[in-house]
Number of protein chains: 2
Amino acid sequence: MGKQMTEMLKGTLEGLVLAILAVRSAYGYEITARLREQGFSDIAEGTVYAVLVRFEQKGLVDVEKVPSEKGPPRKVYTLNPAGQQYLDEFWTSWRFLTAQLEKLHEGGS
Amino acid sequence: MGKQMTEMLKGTLEGLVLAILAVRSAYGYEITARLREQGFSDIAEGTVYAVLVRFEQKGLVDVEKVPSEKGPPRKVYTLNPAGQQYLDEFWTSWRFLTAQLEKLHEGGS
DNA sequence: ACTGGTAGATAGTAACACTGAATAGCGGTC
DNA sequence: GACCGCTATTCAGTGTTACTATCTACCAGT
């Protein structure tokens with residue numbers, strides 16, 4: 001995908017995953033697959049799990065272990081109020097950044 | 001400004017500075033000041049210089065030393081073709097990311 | 001001399017995504 | 001029943017990045 005995207009994902013991957021969880025609860029493997037479908041073709045397996053561990057440590061999600069028919073038990077993550085607030089803050093920062101970049105993009109081309 | 005913005009800037013600050021240089025040539029102190037005016041209230045002094053050094057090492061900019069009336073000589077940075085191409089790639093990645101997040105934002109609120 | 005504003009450089013730190021590998025359960029095939 | 005492929009999670013190590021804090025340096029006005 002290119003190095004630019006890799007660096008750009010720092011700080012936005014968290015928001016991306018939170019946004020996915022805001023739509024509905026999900027587990028790691030599922031989230032990774034969904035990101036891949038949406039065009040983030042080479043997001044590493046392990047990367048998403050690291051994000052989820054951080055969310056759990058920060059108390060942004062509730063975790064539930066659910067047995068799977070096909071493989072080891074899944075850890076299903078659900079956004080809690082703290083996570084929703086964190087996501088709101090993310091959107092605020094994101095909109096600000098978008099607005100500033102938009103301004104420069106118009107002026108500079 | 002909040003930790004979210006700090007992490008979000010990793011990968012976008014480069015594009016931000018490149019976009020500023022695309023409008024017109026500038027030197028470090030000037031770029032920092034302009035960013036501050038545009039609402040990036042606490043971007044550290046040194047941070048921009050580090051970005052500019054990276055640009056120079058990657059060959060994205062041309063550098064010219066210009067004596068200043070008020071202080072030590074300025075290093076004026078000008079975007080070269082390689083830098084312009086790098087900036088184009090940045091915009092491509094950015095637009096992609098924006099599109100995906102927009103999709104999630106609509107579906108998840 | 002001293003202060004304040006301008007201008008740049010640098011060593012050390014923390015956070016984050018990636019790489020690569022390991023572990024583990026289940027279904028199907030040979 | 002041994003192997004393979006798919007599902008699912010975990011973890012140690014690496015590179016990149018922005019921040020912090022500090023230092024050097026030049027000039028103007030007091």
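As the structure is a prediction and not an experimental result, all values here were calculated from the model. Per chain, numbering begins at 1; letters A, B, ... match sequence-line order.
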- If you check the A/Lys3 side chain, which of C/dG8, C/dA15, D/dT17 turns out closest? D/dT17

- Message: Using modelled atom types and a 3.5 Å cut-off, is there a donor and acceptor pairing between side-chain atoms of A/Asn80 and backbone atoms of A/Gly59?
- Response: yes

- Query: Hey, does B/Glu30 reach any base, or is it just sugar-phosphate, or nothing, if we go heavy atoms under 4.0 Å?
  - Reply: nothing

- Query: Is there a salt bridge (Lys or Arg N to Asp or Glu O under 4.0 Å) between B/Glu64 and B/Arg74 once you walk through the steps?
  - Reply: CA-CA 8 Å; B/Glu64 194 189 357; B/Arg74 299 164 174 166; over 6 Å; no

- Note on the structure: note: A/Glu56, atom CD; D/dT9, atom P; distance rounded to Å ~ 12 Å

- Message: Counting the atoms with a prime plus P, OP1 and OP2 as sugar-phosphate, which does B/Gly11 contact under 4.0 Å by heavy atoms, base, sugar-phosphate, or nothing?
- Response: sugar-phosphate

- Could you walk me through whether A/His105 and A/Leu101 pass side chain to side chain contact (heavy atoms under 4.5 Å, CB included), step by step? CA-CA 6 Å; A/His105 199 10; A/Leu101 276 170; over 6 Å; no

- Of B/Val48 and A/Pro72, whose closest DNA chain D nucleotide lies nearer the 5' terminus? A/Pro72

- Message: The side chain of B/Ala44 is closest to which nucleotide in this list: D/dA8, C/dT6, D/dT20?
- Response: D/dT20

- Query: With respect to the phosphate group of C/dA9, does any side-chain polar atom (N or O) of B/Tyr49 fall under 4.0 Å of OP1 or OP2?
  - Reply: no

- Item | D/dA8 OP1/OP2 closer than 4.0 Å to side-chain N/O of A/Lys65 | no

- Distance check: side-chain N/O of A/Lys10 vs OP1/OP2 of D/dG15, anything under 4.0 Å? no

- Over how many whole Å does the gap from B/Glu14 atom CD to C/dC16 atom C1' extend? 15 Å

- Task: Please work out if B/Glu45 contacts a base, only the sugar-phosphate, or nothing of the nucleic acid, heavy-atom cut-off 4.0 Å.
- Result: nothing

- Quick one: which of A/Thr6, A/Leu18, A/Ile43 gives a side chain to side chain contact (heavy atoms under 4.5 Å, CB included) with A/Leu13? A/Ile43

- Query: Is A/Thr6 touching bases, backbone alone, or none of the nucleic acid, heavy atoms closer than 4.0 Å?
  - Reply: sugar-phosphate

- Query: Looking at D/dC19, C/dA7, C/dC18, which one has an atom nearest to any side-chain atom of B/Thr47?
  - Reply: D/dC19

- Query: Out of D/dA18, C/dC18, C/dG8, which nucleotide sits closest to the side chain of B/Lys75?
  - Reply: C/dG8

- Does B/Tyr49 have its ring centroid less than 6.0 Å away from the ring centroid of B/Tyr27? no

- Whole-Å distance between C/dA14 P and B/Gln4 CD? 20 Å

- Under 4.0 Å between a side-chain N/O of A/Tyr27 and OP1 or OP2 of D/dA8, yes or no? yes

- Here the distance between atom P of C/dA14 and atom CD of A/Gln57, to the nearest Å, is 16 Å

- Message: Nearest whole Å is fine: how far is D/dC26 C1' from B/Glu69 CD?
- Response: 12 Å

- Note on the structure: Separation of D/dC19 atom C1' from B/Glu7 atom CD, nearest Å, is 10 Å

- Tell me: CG of A/Leu13 to P of C/dC18, nearest whole Å? 7 Å

- Let me know the distance between CZ of B/Phe55 and C1' of D/dA18, rounded to the nearest Å. 13 Å

- Task: Remember a base hit wins even if backbone is also touched, and classify A/Val51 as base, sugar-phosphate or nothing at under 4.0 Å, heavy atoms.
- Result: sugar-phosphate

- Point-to-point distance, once rounded to the nearest 0.5 Å, from OG1 of B/Thr12 to CH2 of A/Trp94: 8.0 Å

- Message: Looking at A/Arg74, I'd like to know whether one of its side-chain N or O atoms comes within less than 4.0 Å of OP1 or OP2 on C/dG25.
- Response: no

- Message: When you measure from the side-chain N and O atoms of B/Ser68 to the phosphate of C/dT6, is any distance below 4.0 Å, counting only OP1 and OP2?
- Response: no

- Message: So if I take every side-chain heavy atom of B/Lys58 and compare against D/dT20, D/dT17, C/dA7, which nucleotide ends up nearest?
- Response: D/dT17

